[in-house]
Amino acid sequence: MSSCLFCSIVSGDVPAKIIRDDERTLAFRDINPQAPVHVLVIPKDHHANLSEASTDPELLAAMARTAHEVAIDEGIATSGFRVVFNTGPDAGQTVFHVHAHLLGGRGLGWPPG
Ligand code: 5GP
Ligand code: ZN
């Protein structure tokens, strides 16, 4: 999708701080970090949101594996981390290419705002 920001990051047309790149997924630092570690994990294929991506369980497994590997690399796998899929208006989704937020490096409040 040429008009999609995250597809443009996948294609290299928009720069990003990419920290992991495999066959199906890409992980890069969020431009407006909400925690010391704030990484976005996306599929390389375009799916608008979790509802669409959930038709492909292997893709979700690949995203979870990437998130875990990044958590290990960033040194937060033991201290703890959170993985969030904002989906739809009430959750505040702003980019309509499915992405998992990987957050950590500080205590994370619950319930989230
Ligand atoms: P959402 O609100 O859809 O769950 O999350 C979108 C995320 O994308 C936000 O945390 C926002 O800071 C991040 N973001 C928006 N534009 C860019 C960009 O151009 N580059 C990067 N790396 N992150 C972005
Ligand atoms: Zn896209």
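Note that ligands are numbered from 1 as they come in the structure, with each ligand's atoms numbered from 1 the same way.
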(request) To the nearest 10 degrees, calculate the angle at the Zn ion (ligand 2) involving ND1 of His97 and SG of Cys4. (result) 110°

(request) Look up atom NE2 in His97 and atom CG in Asp45, then write down how far apart they are to the nearest 0.5 Å. (result) 8.0 Å

Between [Y] and [X], is there a side-chain heavy-atom distance shorter than 4.5 Å?
X	Y	value
Asp73	Ile19	no
Ile9	Phe28	yes
Leu60	Pro57	no
Met63	Thr66	no
Leu102	Glu74	no

(message) Can you list every protein residue that has a heavy atom under 4.0 Å from any atom of ligand 1, sorted by chain and residue number?
(response) Leu5, Phe6, Phe28, Arg29, Asp30, Ile31, Asn32, Leu40, Asn86, Gly92, Gln93, Thr94, Val95, His99, His101

(request) Anything under 30° is parallel, anything over 60° is perpendicular, the rest tilted; go ahead and classify His101 against His38. (result) tilted

(request) Name whichever N, O or S atom of His46 ends up nearest to the Zn ion (ligand 2). (result) ND1

(request) Please state whether the separation between the Zn ion (ligand 2) and some N/O/S atom of His47 is under 2.8 Å? (result) no

